[in-house]
Amino acid sequence: MVNLSIDVIEEREKNFIVKLSGEIDVYTAPKLKKEILPLTEEAGNKVNIDLEHTHYLDSTGLGVFISAFKSTKNNQSEMKLINVHDRVLRLFKVTGLHEIMDLSAEEIDGGEVNNGRF
Amino acid sequence: MVNLSIDVIEEREKNFIVKLSGEIDVYTAPKLKKEILPLTEEAGNKVNIDLEHTHYLDSTGLGVFISAFKSTKNNQSEMKLINVHDRVLRLFKVTGLHEIMDLSAEEIDGGEVNNGRF
Amino acid sequence: MEDFDFIEMKVPAKAEYVGVIRLSISGIASRMGFSYEAIEDLKVAISEAATNVVAHAYEKKEKGELTLGFGVYHNRLEVMVSDQGDSFNFAEIKDRIGPVTSVDDISPVSQMREGGFGLFLINALMDKVEINNEYGVIVLMTKYLDETEVDVNEQVQANQ
Amino acid sequence: MEDFDFIEMKVPAKAEYVGVIRLSISGIASRMGFSYEAIEDLKVAISEAATNVVAHAYEKKEKGELTLGFGVYHNRLEVMVSDQGDSFNFAEIKDRIGPVTSVDDISPVSQMREGGFGLFLINALMDKVEINNEYGVIVLMTKYLDETEVDVNEQVQANQ
Ligand SMILES: Nc1ncnc2c1ncn2[C@@H]1O[C@H](COP(=O)(O)OP(=O)(O)O)[C@@H](O)[C@H]1O
Ligand SMILES: Nc1ncnc2c1ncn2[C@@H]1O[C@H](COP(=O)(O)OP(=O)(O)O)[C@@H](O)[C@H]1O
């Protein structure tokens with residue numbers, strides 16, 4: 001229930017989908033940071049964070065994504081947040097983070113991810 | 001969320017389905033009693049209480065069904081509880097009420113209800 | 001001393017807050033790792049105790065309070081439900097509580113009880129139950145995370 | 001006097017109980033008839049205040065307590081989140097809180113803040129916020145059931 005499960009799938013070499021189901025808060029954020037940061041630390045990695053099943057997120061979650069985003073800039077990797085729910089998207093908008101990070105409310109279909117456009 | 005919605009459908013004359021979605025507790029039980037009792041007070045009525053979407057029930061709910069059951073005996077009507085979930089069924093079993101009342105864990109298909117077997 | 005976390009909750013003794021209590025208890029119990037079944041048992045048992053406070057404790061007063069205490073231990077959850085209302089005499093109510101299969105219930109349907117299942121369900125669903133009704137009523141219930149830990153000798157105890 | 005129900009909750013100031021608080025607040029808010037969106041706002045705002053207690057209040061002590069008070073009025077919910085821990089100086093933290101679009105943030109990504117969004121979000125999501133940090137920290141937040149009732153002059157107030 002009030003918890004977060006994290007599934008990391010390597011779709012093709014250096015292309016990751018990280019599926020997050022549950023809630024990102026002060027209790028679950030440290031675990032999330034530990035999973036995501038190493039992925040962003042390798043040059044050339046493309047990391048898709050799938051928030052389809054993330055129904056709750058607060059500033060502790062924003063903090064994790066900011067630090068991962070900073071890491072992508074320092075390490076020449078990429079990160080994108082996909083399937084972002086309205087309520088979650090709202091927090092990125094209110095804080096101005098949507099202007100800096102790559103966010104998408106829609107599903108990215110397999111083709112698009114695979115043809116390297118991402 | 002923590003509430004109960006009650007839908008009464010008259011399938012054919014004197015044949016009722018009462019669909020309950022939500023939780024039956026001390027807060028919602030009085031409303032439920034007010035809806036069900038009049039149905040059991042008319043001779044010949046057959047009342048199916050559909051508990052498919054009833055995910056919580058406690059002794060206040062048992063109390064409502066006992067009083068409706070007593071009313072069926074006094075008024076020559078019938079009552080049956082259908083689609084009873086495991087957890088809810090358990091409370092009827094623990095209290096011994098399953099031996100007295102007509103309970104079914106399975107869906108009663110339209111045919112069965114309509115051919116008057118019920 | 002055994003280490004534990006304590007959570008306290010005070011709500012008005014009103015029917016509409018029993019559902020709120022249920023949400024809180026499911027949060028605590030799921031965080032502790034209780035199974036889905038055990039969480040459902042906890043929800044019913046604590047709602048029964050809370051319902052009794054709402055229904056019986058403050059009959060002579062206009063309003064009152066319901067206090068809950070949760071003791072979170074590594075192997076069990078202790079829940080205390082208490083009120084500062086009227087008490088009751090256990091010997092007096094003993095005959096009108098319990099399952100319907102008890103001897104008292106071999107009676108015509110028209111005389112069937114419509115209540116008296118609350119304390120019985122609490123006892124059936126929890127591993128250990130203690131009731132103190134010296135001043136107001138305090139119901140102290142314990143449920144173990146691992147069912148094999150339950151002491152078979154632990155049954156309902158009424159201290160009056 | 002305006003009539004209201006008061007609910008109190010005390011939990012250990014630990015990360016694992018913030019989710020429990022969220023469940024309780026959604027129970028209270030949904031019972032009051034708040035919209036789905038408003039309930040989500042309340043969950044975030046109260047979690048932010050609770051997270052601050054967990055993260056900042058008891059840095060110098062081994063453990064501490066988080067106290068919540070819910071005032072249920074016919075037209076609004078007031079939530080008080082308080083601790084008995086370290087306080088803070090509002091003037092000092094003012095420069096490192098707020099959205100990233102503020103002037104302070106026109107800086108290279110590597111210097112981007114990873115925190116400082118909590119108090120800002122509380123203020124953005126609630127209709128009225130008061131912070132008292134004389135002794136420990138008390139955050140008092142109000143959300144109206146009907147958004148048209150919000151007084152546009154009501155903004156964050158820091159009493160120190
Ligand atoms: N908190 C309480 N305060 C006062 N009386 C109580 C309390 N809890 C239980 N009782 C008494 O015990 C009786 C049995 O309770 P219970 O088994 O829950 O069945 P019911 O509430 O349906 O009568 C109640 O009828 C009441 O007289
Ligand atoms: N309950 C509290 N106790 C002590 N300090 C606090 C408390 N709440 C907030 N603060 C101070 O206010 C600052 C800003 O808080 P906030 O906006 O939530 O951002 P963050 O927690 O990410 O730093 C904190 O860094 C902390 O110094």
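So you know, we letter chains A, B, ... as the sequences are listed, proteins then strands, and number each from 1. The figures here come from the full heavy-atom set of this structure, side chains too, leaving out hydrogens, waters and symmetry mates.
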Is the NZ or CZ atom of B:Arg12 positioned over B:Phe16's six-membered ring, under 6.0 angstrom from the centre and within 45° of the axis?
-> no

Let me know if B:Leu62 has heavy atoms under 4.5 Å from chain C in its side chain, its backbone, both or neither.
-> side chain

Closest non-hydrogen contact found for C:Phe6 with C:Gly69 is CZ-CA, 3.7 Å

If we ignore angles and hydrogens, is there a donor and acceptor under 3.5 Å between the side chains of B:Ser77 and B:Asn75?
-> no

Nearest heavy atoms of C:Ala13 and C:Val54, plus distance in Å | C-CG2, 3.9 Å

Contact part of B:Phe65 toward chain C, heavy-atom cut-off under 4.5 Å: side chain, backbone, both or neither?
-> neither

Against chain B, label C:Tyr36 side chain, backbone, both or neither, depending on which of its atoms sit under 4.5 Å from a heavy atom there.
-> side chain

For chain B, which of C:Glu40, C:Lys43, C:Glu37 has the most heavy-atom pairs under 4.5 Å?
-> C:Glu37

